[in-house]
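Everything below concerns the one structure shown next.
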Amino acid sequence: MNNKGQIIITDLLLYIIVLTIILGLIIFSMTILNDSQVTRINNKQLNNLLDNSLETLTETSGLPSKWEYMDNDDIKTVGLKSDNNNFISYQKLMKLKNNKHLLDSYFPSGVAYELTLYPKNNENSRMLIAGNYLSNQKQVFSKSEIILIDYGYNITSFYKDNNINSCYYNHNKDWACKPFTISKSLLNEGEYYIITNDNIEYILSNTYSENITQNGKGIININNNLKQLIKNENETIYLHITSHNNDTYLVYDKNNMEEHLNNVIKPEVYILNMKVAI
Amino acid sequence: MKIIKEEKGYITSIILLILLIPVLLLMIIIIEEYSEDTNTTIQNIESEKIKTKTEDFENEIITISKETLHNVTLDVITRKKALTNSRTYLKKIIQEKINEKQKKYGAENIIINTEVKQIESSNDPFKIEINYIITSTANNSNIKIRKENKKLIDITDTKYPVYDPLPTLKIGATIKNNQINFQDKLAEYIESENNTAYTNAKTSIIIKKCPYSDYIQHGNNNQTITNCLHNHYYHNSHDGLCLLCRLENKTSCNHYGIETFILPTLEYDKAPASIDHVLLNDKNNQYDGNKIKINNKTILYLDNGHKTKYGL
């Protein structure tokens, strides 16, 4: 610029260059805001939806409590966490599997979802729990959670407790002896098992000096033995077990799920996967 | 317009400035968007961390309470001195231990503040109720969790055995190998006839819950009652004292309490009933029971009420 404030040619060039850069930046920013911004907001919403729905499913027990035994119309929220521990309830999973559209109200229209479950070491045996298998969708978001399944068993461990009180047979330290109160109604509604990966000798005894002695390994159904020993509605039964390790459990199953009893000693790890797409 | 006609060349700078404004605005919007995303993620992680740590700490409260009950009962039987107000005393000790533990969490950047509101007997006499308010947050965080909660503390956990302070407080009985040996003291304390039935009587010091939950089963066979007596199990009882009242060396208690048998050593037809809350009661509230022979070595004296209760 000369001292009269008039533009000289180099200034003009510089001005044009700066102007072009600024205009370029404006056009670039506008493009981001117009195209990607919309997609990005969509992505963000979808991701939040995915996070929230999977979190609700795995970290809450659902409402009302025991919703898995209710009619679909009475269910307020679906949560899969067991009422007794942090595992995922098998009964709740099955209720959802048999009513695949229970989660529809979680998702806005136009958003498709898929909830699947598979063993961690066998991705091929994938099972659809809710929604529909996704195909041909443009954008798919996926999230997985590692879960353990609670089959609703009532489990008591037979660890050897040094402070344990003496049983009435005065068994020595090779034995683990524990009393249980068992009712006739529980016995009729479900099955009692001893589960062990050790060769054990066990004695069941009641408060009338009657006892049954047997040996076994693996999954042992003791319902018939207990039926012989129970005289009243509620009876305290002592279970005396010789075991060389601590992997022995007394299990009560009221849901008729004998096929999953192996999970008591070695729980199978599952992956719960959720996908949402537009 | 004057500005366009002016000749000092300011037009260029002004146009440039005007053009820069939308660029800056657009830049700010984009940066804001990204930083908000990051902030939400940070907040989520932080809130999850605070939630988990709070739950962990609540479990610690249970352990601290069990440990305190173990230590306080042990201390009371060692010093042979009753507490004036067991609820306030336990509350104070548990609060102190919680404060110590809170400091450790503070070092991990999680600020937890727990106020123990109340320690009270519960409907299950083998459990003590603790009420507290817990607030937790992290340093430089605006996430705050506050909850009022109550937990039941099991007093029969074998890891933290709780001792029965009543026999030591009431008559100064001596303890050896987790057993109370009354020597002559119990017999001297009882004023009724045949008090010598309890000379050298022994009982356990640790509170253990009887597994024969239908108490009437005790009478089904000798093995069951012998096993119960041998292990010195405790039973639910309306007349028995709860743990908190036992710590205060009371003789009566408005709460649902516990009772255990004290085994006599000498045989009479009739003697004071072999129940702790009868023998360790005020002298004018002790009553007799009839002899029940369990086996050659073991006898009990029980009134009709307790006989029916235990099916003997």
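Just so it is clear: chains get the letters A, B, ... in the order the sequence lines come, proteins before strands, and each one is counted from 1. Below, all heavy atoms of this structure are taken into account, side chains as well, without hydrogens, waters or symmetry copies. Predicted, not measured: the structure shown is a model, and the values here were computed from it.
- One distance of note links OG1 of A:Thr207 with CG of B:Asn222; it measures 12.0 Å at 0.5 Å rounding.
- Contact annotation for A:Tyr169: only side-chain heavy atoms (C-beta onward) come within less than 4.5 Å of a heavy atom of chain B.
- Taken to the nearest 0.5 Å, the CG atom of A:Asn206 stands 9.5 Å off from the CD atom of B:Gln223.
- Contacts between B:Ser213 and chain A at a heavy-atom distance below 4.5 Å involve backbone atoms as well as side-chain atoms.
- Taking OH of A:Tyr208 as the start and OG1 of B:Thr224 as the end, the distance is 9.0 Å to the nearest 0.5 Å.
- Atom NZ of B:Lys202 has 12 or fewer neighbouring heavy atoms from other residues, nucleotides or ligands inside a 6.0 Å radius.
- Around atom CG of B:Asn59, more than 12 heavy atoms belonging to other residues, nucleotides or ligands sit under 6.0 Å away.
- Both the backbone and the side chain of A:Glu235 come within less than 4.5 Å of a heavy atom in chain B.
- In this structure, the separation between CD1 on B:Ile216 and CG on A:Asn232 is 8.5 Å, given to the nearest 0.5 Å.
- Proximity of a side-chain donor or acceptor of B:Gln217 to a complementary backbone N or O of A:Thr236 within less than 3.5 Å is detected.
- With chain B as the partner, the residue from A:Asp51, A:Leu25, A:Leu23, A:Ile22 showing the most heavy-atom pairs under 4.5 Å is A:Ile22.
- Counting heavy atoms of neighbouring residues, nucleotides and ligands inside a 6.0 Å radius, atom NZ of B:Lys147 exceeds 12 of them.
- Across B:Asp214 and A:Asn234, no two heavy atoms sit closer than the pair OD2-CB, 3.5 Å.
- Around NZ of B:Lys293, the count of heavy atoms belonging to other residues, nucleotides or ligands within 6.0 Å exceeds 12.
- Heavy-atom contacts from other residues, nucleotides or ligands closer than 6.0 Å to NZ of B:Lys150 number 12 or fewer.
- Looking at A:Glu210, there are no atoms closer than 4.5 Å to chain B (heavy atoms on both sides), in backbone or side chain.
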